[in-house]
Each structure stands twice: as C-alpha cells, then as structure tokens.
Amino acid sequence: MGFLGGRYAIAGVGETDWSRQSGRTPLTLGLQAARQALTDAGMEARELDGFLSYSEGDSADGLHLASGLGAQPSYTAEIVGGGSSAEFLVATAAAAIEAGLCTSVLCYRAMNGRSGRRFGTQQDGGFSFDQIDPFAGFFSAQGMTTPAQHYGLIARRHMHEYGTTAEQLGAVALAFREHACGNPHAMMHDRPLTMADYLASPLIADPFRLLDCCLESDGAAACIVTSLARARDCRRRPVRILGAVTRAGGPHVYHYGLPSITEAAGQHVAPRLFGMAGLEPGDVDVAALYDCFSFVVLLQLEDYGFCKKGEGGPFAAGGRLGIGGDLPCNTAGGQLSEAYTHGMNNLIELVRQLRGTYTGSKRQVSEAEVGLCTGWGGPEVASGLLLGAGA
Amino acid sequence: MSATARSLPRPDADTRPFWDACRRHELRVQQCRACESFRFYPGPICPSCGSTANLWQRVSGRGEVYSYVVVRRAAHPAFAGDVPYAVALVELEGTGGIRLPARIVDCPLDQARIGMALDVGFETASNEITLPVFRPVDVRLADTAFMLNLRRNP
C-alpha cells in the first residue's frame with residue numbers, strides 16, 4: 001500500500017543557521033547541514049552512499065559533499081530546479097534504494113541565496129530564466145525577469161475571477177510570521193507583523209507587496225532517506241513516505257495559454273498523490289505548502305482540495321493555517337518568514353512535526369500523524385509528498 | 001553584454017519567424033496547416049494533430065488584456081528607468097485564444113484593466129530584435145498618457 005509499499009522513511013534532518021551573509025561556501029553549508037542530519041539520525045557518515053541535490057548552478061555537488069564527509073558514494077545526481085525539487089529528491093532517493101543502487105541517501109539544498117547568487121536578478125551571475133528556458137526571451141525582453149512578476153500575473157487573474165483581496169494574501173503572510181516568531185531559528189523571529197504593516201509594505205510586482213515574497217537566505221537543509229527497517233534503528237521516530245508525485249507537469253509548459261491560468265499544476269498532482277496513499281485532504285493533520293509567494297498558498301489550498309476553487313482567500317483569512325487551526329501550515333515560518341531553500345526547510349519542519357519533536361510546547365501540532373508537503377516550481381510543474389508518523 | 005543591458009530573445013529555428021516578422025512590424029502566430037489550430041510557444045510539431053506542416057499567419061494585432069502585472073521595482077538595472085511599467089498577457093483576436101506577453105504602453109497604469117482592448121505596436125530593441133508592445137485602442141487613454149509623460153519630461 002502506498003509509495004513503494006511504505007517501505008521507505010526519512011530518518012534524519014538537519015540545517016544550518018539562516019542568514020543574509022553566511023560567510024561560508026555552499027560546500028561548507030552543505031556539510032554542516034549533512035552533519036546535523038547524521039547526528040539527528042544517529043548514523044555514521046560512511047553509511048551514506050547516495051547524494052542528491054538541486055541547484056541553479058549555485059551549490060556544491062554530491063561528489064564534493066561525499067568527500068567532505070568521508071563517504072564513498074555509489075549514486076549521485078544534481079538536478080537543475082528550484083521549487084518542486086525537494087520532494088522529487090526524497091521520492092527519487094527511495095526509488096534508487098528500491099532499485100538496489102544505494103542504501104541511504106542524503107538529500108540537500110545548499111546555497112548563498114542572498115550574499116551569493118540572488119534568484120531572479122540576473123545580476124552578478126544570478127539566475128536568469130534565459131539560462132534554462134529557450135522561450136524565456138518572450139518575457140525577459142519585456143521586463144518580466146522574476147518569479148514575483150510571473151506569479152503576479154496569475155494572482156491578478158485570480159483576484160479578477162474570484163474577488164481575492166490583498167488582505168487575504170496578507171493573512172498568509174501574517175500566519176507564517178506568527179509561526180516564525182515561535183521559531184528561534186527563523187530569520188524573521190522577533191519581527192511580529194500586523195495587517196497594517198503588511199498593507200504598508202511597498203508594491204513590488206503589483207499586486208504583490210514586498211511581504212508577499214519569500215525571503216532570500218544563505219544556508220543549507222538536508223534530510224536522510226533510507227529503508228523503514230534501517231530507520232527504525234535510528235535515534236528518532238521514522239517518518240514514512242506514503243505518497244509521492246515528482247515534478248509533474250500540467251497539460252502544456254506554456255501555462256499562460258491554458259483555458260484557466262488560476263489552476264495550479266498541483267491540481268494534477270493531488271489526485272495521484274492522495275490516491276496512491278489511500279488518503280484524502282481531510283486526513284492531513286499538518287502541511288508544508290510551497291510558499292515562494294503568499295498567493296501560491298491560496299492556490300494550493302484550492303487545488304489540493306482543502307477548499308473549493310476560488311475560496312483559498314477566505315480559507316486563509318479564516319485563521320485556519322495557524323497551529324491549532326484546521327490546517328496548520330508552514331509551522332516554522334515557511335519560506336516567507338523562516339528561510340528560503342526552494343522548499344527543503346519546509347520539508348524538514350514537517351518531519352519534525354510528525355515525530356512530535358515539539359511535544360509539550362505550543363509549536364507542536366496535536367495528533368500530527370499525516371503530513372502533506374508540496375513543491376511548486378513555476379505554474380507548470382509541481383511535486384507532492386504525503387508523509388506519515390512512522391511505527 | 002554589459003551589466004545593464006536587457007536580456008534579449010535569442011531567436012532559434014523555432015522562434016526566428018516570429019522575430020523576423022516583428023522586425024517587419026508584422027505580428028504573426030504559428031498555425032498548423034492541417035488542423036488550423038494556432039500555437040504558442042512556437043514549435044515544429046502540432047500538439048493537437050501531430051502535423052509538421054505549419055505557417056506563420058499574420059494576425060490583426062488587436063487583442064485584450066487577460067491579466068497583467070505592474071512592475072514597480074526593477075529586479076534588473078536594465079529596467080530601472082522604466083518602472084513602473086505593466087506587462088500583460090494579451091489575448092489575440094482571431095487566434096483561438098493565443099496569449100502573448102507584452103508591455104502595455106501609452107496607458108496610465110491606474111487605467112489598465114483586464115478586458116481592456118489593445119492594438120499592437122513595435123519597438124526596436126536591437127538590429128535583430130523588435131519587440132511587440134500594445135497600446136489601448138481607446139485613444140483617450142493614450143492622450144492622457146501622452147499628457148502625463150509631457151508633464152514629467154517637458
């Protein structure tokens with residue numbers, strides 16, 4: 001039952017500190033996160049024989065990471081991509097183990113996303129869509145060079161069709177900021193946010209304000225995927241992989257040509273993901289929804305079936321995303337208020353919730369047995385994982 | 001390329017006919033010769049019927065705003081002098097709903113609306129590249145934009 005018979009698990013998670021200027025190389029950051037994950041799992045570095053990462057040419061590859069840990073890899077890969085990659089790596093790691101290619105895999109993202117290559121700026125060697133998309137010139141020459149500008153187009157249309165408001169986008173930013181205030185590790189810890197603050201933040205890619213946009217961060221996050229049998233002997237309670245959909249596309253890569261641009265690629269992920277695991281949206285106790293922008297959370301609430309199409313705004317504004325709400329979401333602050341790693345930090349927080357790491361504190365989601373982690377790398381590609389508290 | 005130059009399209013075998021037409025101030029969209037469906041992005045094979053026979057149909061250049069974003073902070077220095085500016089998805093008349101990304105020009109930004117009727121124009125960006133841009137069909141908006149611009153740059 002479920003993804004690969006439910007025989008695979010996440011056994012360890014770790015991350016570095018988050019900052020605007022790490023003063024360290026991506027390799028050093030990756031090694032630090034890897035050591036944290038190994039300590040968390042109670043595993044020896046030489047047990048790791050698979051190394052998977054994602055980057056935009058701004059990271060350290062698996063061969064270097066393995067060497068730095070004193071491990072000898074039998075399986076390494078680095079994929080190009082941002083959002084939707086963390087879930088892809090975890091599922092692909094389990095599939096590689098099932099195929100006999102390796103036994104325990106480190107999945108990681110290491111980057112100096114603020115002090116090094118800033119995503120979307122095209123400056124100082126920063127990432128440009130033109131590097132990976134031969135059609136990007138249709139947009140970039142017109143002055144559309146950033147993800148905020150692209151998602152802004154979708155948000156405007158959603159506002160037009162469904163009456164979604166700035167305050168509803170703000171409700172997402174406020175909910176995640178409140179979570180960051182409860183997470184001493186978050187970049188926006190000690191920076192409480194009011195709706196007045198949100199509405200006063202400058203419009204960047206109108207309808208998006210500055211506070212609709214994720215952070216830019218230096219740091220690394222990592223997790224270790226292994227067999228459930230091995231994970232049961234580790235220090236922490238295993239978190240099982242119940243369902244996985246990896247970088248699935250919509251009907252056409254030119255998302256803006258589809259009949260409706262307000263449908264997320266997640267709409268195509270959700271039925272397969274829940275069907276594979278034999279679960280429904282109502283079974284999800286805690287979520288890590290991809291949050292490169294506040295608005296993206298609203299779309300996923302709709303397209304993963306937590307509310308009807310068009311009702312993501314009222315859902316979020318109803319206070320449901322908080323710890324203790326109907327769908328506690330991004331409980332460490334998310335990419336809007338903890339740190340931005342294209343999703344890996346959201347994934348490891350979900351693992352901690354399902355382990356009951358925060359039991360006894362108000363950060364713990366009560367009875368967290370099933371978790372949903374989504375990734376979204378642009379309108380046209382999405383991934384999802386369903387995770388379960390292990391036994 | 002200098003640090004402040006904007007990134008221009010690099011025409012390839014699939015996209016060159018579009019850019020060549022723009023340089024002649026013609027807006028053309030790829031169309032399948034077999035099933036007559038229009039397509040964007042351009043490509044060698046019709047996703048609807050699989051035919052490799054295609055043509056580049058000249059279209060009216062009229063369209064309407066499907067959605068738009070107003071860029072108020074330039075992410076790249078090449079656009080620092082342009083902000084604020086609006087980029088729209090323009091749904092092109094007579095194409096079965098093809099939507100092209102393009103600047104809205106000669107329009108006060110607070111007057112931009114989804115559904116607004118637009119007409120194509122062309123701006124030379126380099127010897128090779130001419131960009132399609134769109135201005136409101138309602139000339140009163142263009143006049144207002146002209147006056148606002150005059151006030152800013154007398």
Side-chain angles (χ1 to χ4, degrees), chain A residues 118-131 133-161 201-210 213 216 251-262 295 379-380, chain B residues 1 3-15 18-19 38-43 47 65-79 82-89 91 95-104 109 112-115 123 125-126 129-133:
Chain A
R118 298 178 66 184
F119 197 74
T121 64
Q122 299 180 7
Q123 297 169 54
D124 305 322
F127 172 81
S128 157
F129 288 113
D130 297 290
Q131 293 163 358
D133 182 351
F135 299 108
F138 284 109
F139 290 94
S140 54
Q142 299 279 357
M144 275 188 64
T145 58
T146 72
Q149 294 156 2
H150 278 268
Y151 280 105
L153 279 178
I154 303 173
R156 174 94 58 198
R157 186 70 196 183
H158 197 270
M159 290 170 156
H160 174 76
E161 290 180 3
S201 80
L203 285 160
I204 301 291
D206 182 353
F208 288 162
R209 290 170 166 76
L210 179 66
C213 304
E216 294 176 293
H252 195 285
V253 66
Y254 187 65
H255 175 265
Y256 299 123
L258 299 180
S260 171
I261 68 167
T262 59
F295 167 73
E380 70 283 357
Chain B
M1 188 169 70
T4 55
R6 77 168 77 176
S7 172
L8 290 179
R10 286 169 274 197
D12 59 21
D14 295 331
T15 61
F18 178 88
W19 297 113
F38 287 89
R39 63 184 186 256
F40 189 82
Y41 301 128
V65 176
Y66 178 79
S67 191
Y68 67 100
V69 61
V70 179
V71 179
R72 297 191 183 274
R73 185 177 293 185
H76 189 280
F79 302 107
D82 295 2
V83 290
Y85 59 88
V87 183
L89 290 172
E91 194 159 287
T95 64
I98 293 293
R99 300 189 196 118
L100 190 69
R103 286 267 185 115
I104 304 177
L109 292 177
R113 294 282 182 275
I114 286 175
E123 285 186 4
S126 71
I129 297 297
T130 293
L131 298 171
V133 296

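Lettering follows sequence order; numbering is per chain, from 1.
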Next item on the list: Name the region of B/Phe18, side chain, backbone, both or neither, that has any atom closer than 4.5 Å to a heavy atom of chain A.
Entry: side chain
Check: When rounded to the nearest 0.5 angstrom, what distance separates CD in A/Glu161 from CD1 in B/Ile114?
Finding: 8.0 Å
Next item on the list: Counting only heavy atoms closer than 4.5 Å, note whether B/Pro11 contacts chain A via side chain, backbone, both or neither.
Entry: neither
Next item on the list: Report yes if some heavy atom in the side chain of B/Leu89 is under 4.5 Å from a heavy atom in the side chain of A/Leu153; otherwise report no.
Entry: yes
Margin query: Among residues at least two apart in sequence or on other chains, which ones pass ring-ring contact (aromatic ring centres under 6.0 Å, His included) with B/Phe38?
Written below: none
Next item on the list: Output yes when a side-chain donor or acceptor of B/Tyr85 lies under 3.5 Å from a complementary backbone atom of A/Gly143, and no otherwise.
Entry: yes
Next item on the list: For a side chain to side chain contact (heavy atoms under 4.5 Å, CB included) with B/Arg73, tell me which candidate from A/Ile204, A/Leu203, A/Thr146 qualifies.
Entry: A/Ile204
Next item on the list: Examine whether an atom of B/Ala125 lies under 4.5 Å from a heavy atom of chain A, and if so say whether it belongs to the side chain, the backbone or both; otherwise answer neither.
Entry: neither
Next item on the list: Report the residues that fulfil side-chain hydrogen bond (donor to acceptor under 3.5 Å, both in side chains) with A/Ser260, sequence neighbours left out, ordered by chain and then residue number.
Entry: A/Thr262
Notebook entry, point to check: If you look at every heavy atom in A/Ala141 and B/Leu8, which pair is closest and at what distance?
Noted result: CB-CD2, 4.2 Å
Next item on the list: Search all heavy atoms of B/Arg99 against all heavy atoms of A/Gly257 and return the closest pair with its distance.
Entry: NH1-C, 3.8 Å
Item checked: Minimum heavy-atom distance between A/Gln142 and B/Phe79, given as atom pair plus value -> C-CE2, 4.4 Å
Checklist line | Euclidean distance, A/Phe138 CZ relative to B/Leu131 CG, rounded to 0.5 Å | finding: 10.5 Å
Check: Does any N or O in the side chain of B/Arg10 come within less than 3.5 Å of the main-chain N or O of A/Gly137, such that one atom is a donor and the other an acceptor?
Finding: no
Notebook entry, point to check: Using non-hydrogen atoms only, which part of B/Asp12 is less than 4.5 Å away from chain A: side chain, backbone, both, or neither?
Noted result: side chain
Note to self: In terms of relative ring orientation, are A/Phe135 and B/Tyr41 parallel, tilted or perpendicular, with 30° and 60° separating the classes?
What the structure shows: parallel
Notebook entry, point to check: Checking A/Pro259 against chain B: side chain, backbone, both or neither under 4.5 Å from a heavy atom?
Noted result: backbone
Check: Within the side chain of A/Arg156, is there an N or O that forms a donor-acceptor pair under 3.5 Å with the backbone of B/Val69?
Finding: no
